[in-house]
Amino acid sequence: MAEKILIIDDDKDMCLVLKRFLSKHGFEAIEANSGKKALEILEGTNPDLILCDFKLEDMDGTTILKNIKDKLPAVPVIIITGYSNIKTAVEVMRLGAIDYVTKPLLPDEILITIKRALKEPAPVVTQVAPANTEEYNGSRTQVSNGKKGDSNQIYIFGNSPDFKNILNQIDLVGPTNYSVIIYGESGSGKEAIAQEIHKRSKRSDKPFIAIDCGALSKELAGSELFGHEKGSFTGAVGQKIGSFELANGGTILLDEIANLPYDVQVSLLRVTQERKMKRVGGTKDIDLDVRIIVASNEKLWDACRNGKFREDLYHRFNEFQINVPPLRERKNDVMIFANHFLNITNQELGKNVKGFTPEVETIFQNYVWHGNLRELKNVIKRATLLADGDVIDVKSIPFEVSNYTKLQFDNSGADTSAPIASPYMDSGLPPTPSYTRPIIKETGLKGAGIDAEYEIILEALKRVNFNKSKAAKLLKIDRKTLYNKIKQYKELNNIEFHHEV
Ligand SMILES: Nc1ncnc2c1ncn2[C@@H]1O[C@H](COP(=O)(O)OP(=O)(O)OP(=O)(O)O)[C@@H](O)[C@H]1O
C-alpha cells in the first residue's frame, strides 16, 4: 500500500506541485493549507509522514509541531523552511522534527529526505540517547534513533588554536568526575564535546543521556528528569523512568539548562547535593551516581543575575567550563569540517565529489555560519547532491551563502547614516548603510540595468533577513517574479540551480 504523506503549506501552488510530485513517486499525498486544517485532518487520518512548512499564516512552526507531536508522536515530520530560517528550524527540530529541507525545494533532496525519514524511527521528544562509547552520536542532537556505526557519527578534530585548546580541556577534564558547563552557540558542537568527555571517563561503558531542557514544559519537566509513579498525576497511566535514572552510573547532558523551569531547579539542586532522587509521586529514595554536564547558549551567571537561574545550582555545576567559539571565529576549522561532511555525504549518496573550488573555499571562510557546524553540514549535504562535476562549485551553494560577501557593508569610513535611495525607503524598516557595489558582469545598458536591479533585490533580501515572500512584498512584485529575477541573474552569471521544484 502506498505510504501516506500529509503536506501542510499555505502556499496552494506549492502544495499542488508537491502533491503531484509525490504521487508520481508512488506516495499517497494529502494536503492541508493551514495549521488548523492539518490538525483537523489528523483527527481522522494517520499519515506515515508529514511535510510541514515552517511559516504558516495561522500557526508558527513550533506550535504546529508541538500539536502534531502531541497527537502522533511516532510520525516523522520534515520541516520546509526558507534558508534564512534555518537556525530557527534547527531549534524546532529539537521538538521532534526528524529533518528539514530548504527552499527552493529540490526533487532529489525531498525524495532522499522522505525515504530516509520513512526508514528511520521517529525521534522522541524526551530525547534520550543510549550509551555510545565508540562513536560520536551527535547528529540531530539529543535524539537517538539507536542507529549505530554510520560515518555520520565520527568525531573529528579541528585545526584552529581554539579547537586544540578545547581538545586539551576535554583530555584534562574527561577522566575526572567534575561537572562541566559548556558554552556555545547552537550547532557549535556542544553535545559532541559532552560525548567526548564521557568517552574519556571511567563511565564510558555506562549510559550517556542527553536531554534538552528548553523543550521541557513546566508541567512535565520533573517527570522527564526524575520519572513518575503510576497515577501520580492525571495522565500518569504507567510508571516512567526519568532521564537521571536512565543515566545512573554514566553521564547526563542537560542542554539549554538556563531554560529549566525554576521549580525543577530546586529538585535538581537536591539531586546534586544529596545524590539521591525520588520519582514524582514516589516515596522511595533512589541512589544516583551521575556525572552532570550542562550546556548553554547564554551565560549562566547572567541568568542568575536576572533571577532566572539559581545561583547555588550554578556554583554546583561550575567546576569546569569549556567555551566553544562560533565557527566564524575558527576559520582554520571550516574546511576540515567541510571535507569531513563532504566525505560522509558522498558515502550517503554514493557519490564521489572530491572537494571544493577555491572560490567556494573563500566563500566558506568568509561566511558567518550562524547555525555553525550544523549549518555547514546542511549546506554541504545539499551542495553534494547538486554537484554535477568532480568538485563543489559556487552554483551548488545556497544563494544567500554565495552572495554573503557582496552583502557585506563597507563600514570603513563610509557614511553609514545615509541610506541608499531605494523604492522601499518608506517601508518602516531600518535604513541600510551603503555597501560596496558588486562587480558588474554584464556589459551594455541592459546588463547595467540588470545589475542595478540585482543590487536592489539583494538589499531588499538583506533587510527582511532573506525571506523571499517579504522581499517580494517590499519590492512590490509577486514572489514568482522575484524568483524569476534571481534565476535570471544566476543564469547570466552562470550561477544556476537545476531541477528546482
Ligand atoms: N567534532 C565533530 N566532528 C564531527 N561532527 C561534528 C563535530 N562537532 C559537531 N559535529 C556535527 O555538528 C552538528 C552540531 O553539533 P552538536 O549537536 O554537538 O551542536 P550543539 O552545540 O550541541 O547544538 P545545539 O546547541 O543546537 O544542541 C552535529 O550534527 C554533528 O554532526
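Atoms within a ligand are numbered from 1 in the order they appear, just like the ligands themselves.
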Given that the side chain starts at C-beta and the backbone is N, CA, C, O, which of these parts of Asn297 lies under 4.0 Å from ligand 1, counting heavy atoms, or is it both or neither?
-> neither
For ligand 1, which atoms have a heavy atom of Lys190 less than 4.0 angstrom away?
-> 18 (O), 19 (O), 20 (P), 21 (O), 22 (O), 24 (P), 25 (O)
Ion pair Glu185/Lys190, N-O distance below 4.0 Å | no
Kindly indicate whether the side chain of Lys395, heavy atoms from C-beta on, has any atom under 4.5 Å from the side chain of Asp388.
-> yes
Test item, Glu185 contacting ligand 1 (heavy atom, 4.0 angstrom) = yes
Counting heavy atoms only, which of Phe157, Phe337, Phe341 comes nearest to atom 11 (C) of ligand 1?
-> Phe341
N/O separation below 3.5 Å, Ala192 to ligand 1 = yes
Can you sort out which atoms of ligand 1 are near Ile156, meaning under 4.0 Å from one of its heavy atoms?
-> 1 (N), 2 (C), 3 (N), 4 (C)
Within a distance under 4.0 Å of any heavy atom of His340, pick out the atoms of ligand 1 and give their elements.
-> 4 (C)
Non-hydrogen side-chain atoms of Ile110 and Ile78 separated by less than 4.5 Å = no
Could an N or O of ligand 1 be found under 3.5 Å from any N or O of Asp255, whether backbone or side chain?
-> yes
Among the heavy atoms of Gly184, does any lie under 4.0 Å from an atom of ligand 1?
-> no
Backbone N or O of Lys206 within a donor-acceptor pair of the His198 side chain at under 3.5 Å?
-> yes
Is Lys240 paired with Glu224 through a side-chain N to carboxylate O contact shorter than 4.0 Å?
-> yes
Under-4.0 Å heavy-atom contact with ligand 1, by part of Lys377 that carries it | side chain
Give every residue pair that meets the salt bridge (charged side-chain N to carboxylate O under 4.0 Å, His left out) criterion with at least one member in residues 331-343, sequence neighbours excluded.
-> Arg330-Asp333
Is there a nitrogen or oxygen of Leu373 sitting under 3.5 Å from a nitrogen or oxygen of ligand 1?
-> no
Donor-acceptor pair, side chain of Lys351 and main chain of Leu385, under 3.5 angstrom | yes
Provide the closest heavy-atom pair for Ala387 versus Ile392 in the form atom of the first, atom of the second, distance.
-> CB-CG1, 4.2 Å
